[in-house]
Chemist: 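I am attaching a structure below and will ask some questions about it afterwards.
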There are 2 protein chains.
Amino acid sequence: MTARNKKLTVADVARAAKVSKATAARVLGGYGVTSERTREAVLQAAQDLGYRPNELARSVSTGRSGLIGVVVGDIENAFFARAVRGISDTARAAGLNVIISNSGEDLAQERALVSVLLRQQVQGLIVAPTDDGDVAHLAEAMASGTPVVTIDRWVEGLGADGICGDDRAATAALVAQMQALGHRRIAYVTAIRTPQPRLQSLAQVRIAAVRERIAGFLSAAPAGQDWHERVHTNATGAAAIDAIVARLLSETPGVTAILASDSLVGAEVFRALSARGIALPAQMSLVAWFDADWSRVTVPAVTVVDQPTHRFGALAAERIIARIGGETGPARHQRIETPLIRRGSLGPAPGD
Amino acid sequence: MTARNKKLTVADVARAAKVSKATAARVLGGYGVTSERTREAVLQAAQDLGYRPNELARSVSTGRSGLIGVVVGDIENAFFARAVRGISDTARAAGLNVIISNSGEDLAQERALVSVLLRQQVQGLIVAPTDDGDVAHLAEAMASGTPVVTIDRWVEGLGADGICGDDRAATAALVAQMQALGHRRIAYVTAIRTPQPRLQSLAQVRIAAVRERIAGFLSAAPAGQDWHERVHTNATGAAAIDAIVARLLSETPGVTAILASDSLVGAEVFRALSARGIALPAQMSLVAWFDADWSRVTVPAVTVVDQPTHRFGALAAERIIARIGGETGPARHQRIETPLIRRGSLGPAPGD
DNA sequence: ACGCCTATTGAGACCGGTATCACATAGTTT
DNA sequence: AAACTATGTGATACCGGTCTCAATAGGCGT
């Protein structure tokens, strides 16, 4: 019980219990066999001294750190926060600790973080890769024996398991549903950065999930139409999004519905629309990705594509645990359904 | 460059560079002196083999893990997510890694997590203690030489630095301001769990920050009045909050303003009010703690007590870094201003 | 009482690094 | 030329655990 200022070791406990270091270690480490008598003596001594095992030393000795590394775009974003929660709930239950880091959706940063985590001897990595065209660092991790699971974003050919939404199909279905409601001009707004304010080519989108969504969006275009110019990029921050909304509203014929590629964009679009007095859904429909807190509070509430990211996280953790446990076999691509949660912001197109 | 499947050690690099293990370690560890020639040879060999230092082994050898542990109520809560972001931004910049864990505001869980983190040899702990009356585990950590910083919640007598809001004063000032707007009956709604639906005694509130806020609230009561019964507890989940709002609305004379003790409560209160068609601020004023995303999106936008938790986090990390660096001296209690962000939801009391 | 088997224990190598110390080599000093 | 001093390097103990292996002790059959 007594808290000592010096770090206690098995040797100290052994001395106090009058047994050898090996025996004390067996009791304290929970391996090997000991008699009940010595077991109790050692535990008592450990208790009295306030012994606390050094997990690091144990790790270096066993080669198992009990750590998994997580790299997400931004924990502050509820999307990732919920996923991280899912990961750590599941990991913790399996006795694994989690080191979390933010890439800020920056490739160089992501590379650096992966490197740091590998040096920390993480036994597995869960990553939301910011650029699925450049995953050499992840491939290297896998090659050196550290399993990788991608979350939210599937990377073809990497060989890592992936837990993702069914982005392309869900988006295509969503757009079809909107078309059935009479929407002919739908805009897609995303934070993806491009030189121009509109998307030139799908290849500009390096985040797999967003590219899949946009691909689904583009695929819903009627024969002969090209919807690339309906994809508005660089939607980062209130000012930029305000400008995009202003631009959309001034188009002729007008846009009747907006898809917001994530919940941050969605919130700002909603704000810009209500600031301009646009009535939802009478004048404009809005659908956003991710069921963030704010989308249920607004009037009207906002229709969202529900991404159950806590589940994403839990499943990603399960995958990494399985791989750490030695599971082999081809990379598994788990697509999680992202159902539409229909709320007031989606209605028939005006005049339809 | 070549990724090997076996773990490489300094000994492997040494062999390849044809120097002793000691010399290779000097170069790779960046300590001691070596000639430029051997230095380059070693680095070249390390590069060729794809050597990656084992940070764990280094830690056990140096006694410095480069890890700090964080225990918060719930990372999924934007309040903590932002704080965690502040912590990791600052820690990372100082070369420290961060292990994050969720207590779920459960004391037993918090104790268990602190124990796990100490075993992981974290060099410091940043904790939002869930019960400031029972911090023996934190005291023990400090006694054994691991500095502790509390975040959001100050614990008197623990001896740990604390980064907190100026909860009591800010609340008292806020209530005074509301009284000046004519509000005579103000309700306080909190998720704190108590046997009764109203607060019996301040001592029931074990989370320091909330207790301070409620203390500020109670202190604003006019002489002779006791506001304990105006503090509604157990506001966890939509149903409970709906019931509380229903109860508030049926009181005579009616409540004219509500204080929501955190942003989750605030969002649900807002929802319950708009579901009942209560006009803000004409019929009811609302103020919530924390400037969450949703509070800027609603109509009217919600007045909030702005808790700059990213700064809380950054400052907490700075404190822990200073303590790790050997700073001594008495515990510092840093009170961060939590200014009111005045938005549409706060107006004069009806009929005032 | 003797031999065999098994339960328990201790000695010591090892994990992958750091850090101390002694020694060798080369360059200065007198 | 002998003595002296940097400078660079290797040998080796050590960090706090795990784990293998051999030695000891007690129990049981005959």
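What you see is a predicted model, and the numbers here were worked out from it, not measured in a lab. When reading the values below, keep in mind they use all heavy atoms of this one structure, side chains included, and skip hydrogens, waters and symmetry mates. Proteins get letters first, then strands, A, B, ... in listed order; numbering begins at 1 in each.
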Chemist: Which residue pairs pass the side-chain hydrogen bond (donor to acceptor under 3.5 Å, both in side chains) test when at least one of the two sits in residues 16-30 of chain A, sequence neighbours left out?
Modeler: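 Residue pairs with at least one partner in residues 16-30 of chain A: Ser20(A)-Thr23(A).
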Chemist: Please, which pairs that meet ring-ring contact (aromatic ring centres under 6.0 Å, His included) have at least one residue in residues 30-49 of chain A, sequence neighbours excluded?
Modeler: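 Residue pairs with at least one partner in residues 30-49 of chain A: there are none.
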Chemist: Using modelled atom types and a 3.5 Å cut-off, is there a donor and acceptor pairing between side-chain atoms of Glu76(A) and backbone atoms of Ala81(B)?
Modeler: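 It does not hold such a pair.
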Chemist: Can you sort out which residues in residues 53-68 of chain B have a heavy atom within less than 4.0 Å of DNA chain D? Ascending by number, please.
Modeler: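 Heavy-atom contacts with DNA chain D come from Val60(B), Ser61(B).
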Chemist: Test Arg64(B) against every option in Gln123(B), Gln121(B), Arg58(B) by the side-chain contact (heavy atoms from CB on, under 4.5 Å) rule and name the one that passes.
Modeler: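 For Arg64(B), the side-chain contact (heavy atoms from CB on, under 4.5 Å) test succeeds with only one of Gln123(B), Gln121(B), Arg58(B), which is Gln123(B).
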Chemist: Report the residues that fulfil side-chain contact (heavy atoms from CB on, under 4.5 Å) with Asp106(B), sequence neighbours left out, ordered by chain and then residue number.
Modeler: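 With sequence neighbours excluded, Asp106(B) shows a side-chain contact (heavy atoms from CB on, under 4.5 Å) to Ala108(B), Gln109(B), given in chain and number order.
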Chemist: Could you name each residue pair satisfying ring-ring contact (aromatic ring centres under 6.0 Å, His included) that touches residues 78-119 of chain A, not counting sequence neighbours?
Modeler: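 Those involving residues 78-119 of chain A are Phe79(A)-Phe290(A).
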Chemist: Starting at the 5' end of DNA chain D, which residue's closest nucleotide do you reach first, Thr38(B) or Leu28(A)?
Modeler: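 The residue whose closest nucleotide sits nearer the 5' end is Thr38(B).
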Chemist: Earliest and latest nucleotide of DNA chain C, 5' to 3', sitting under 4.0 Å from a non-hydrogen atom of chain B?
Modeler: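 Counting from the 5' end, contacts occupy dG16(C) to dT20(C).
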Chemist: Is the closest basic N to carboxylate O distance between Asp134(B) and Arg206(B) below 4.0 Å?
Modeler: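 Answer for the salt bridge query: no.
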Chemist: Mind grabbing the angle between the end helix axes of the helix from dA1(C)-dT30(D) to dT30(C)-dA1(D)? Five pairs an end, 10° rounding.
Modeler: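 The angle, to the nearest 10 degrees, is 50°.
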Chemist: With sequence neighbours left out, which residue pairs that include part of residues 32-71 of chain B fulfil the ring-ring contact (aromatic ring centres under 6.0 Å, His included) condition?
Modeler: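 Qualifying pairs, neighbours excluded: none.
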Chemist: Could you check which residues of residues 9-20 of chain A get a heavy atom under 4.0 Å from DNA chain C? Sort them by number, please.
Modeler: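 Close to the strand are Val19(A), Ser20(A).
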Chemist: Excluding sequence neighbours, so at least two apart, what forms side chain to side chain donor-acceptor pair (under 3.5 Å) with Glu105(B)?
Modeler: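 Partners of Glu105(B) under the side chain to side chain donor-acceptor pair (under 3.5 Å) test: Thr130(B), Arg153(B).
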Chemist: Under the ring-ring contact (aromatic ring centres under 6.0 Å, His included) rule, what pairs show up with a residue in residues 85-114 of chain B, not counting sequence neighbours?
Modeler: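 Of all non-adjacent pairs touching residues 85-114 of chain B, none passes ring-ring contact (aromatic ring centres under 6.0 Å, His included).
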Chemist: Kindly say if Tyr51(A) contacts the phosphate of dG17(D), meaning a side-chain N or O under 4.0 Å from OP1 or OP2.
Modeler: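 So the side chain of Tyr51(A) is within the cut-off, an N or O lying under 4.0 Å from OP1 or OP2 of dG17(D).
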Chemist: Looking at Arg26(B) and dG10(D), is any side-chain donor or acceptor paired with a base atom of the opposite kind under 3.5 Å?
Modeler: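 Yes, the side chain and the base share a sub-3.5 Å donor-acceptor pair.
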Chemist: Could you list, one pair per line, each protein nitrogen or oxygen that sits under 3.5 Å from a nitrogen or oxygen of nucleotides 22-25 of chain D, together with the distance?
Modeler:
none

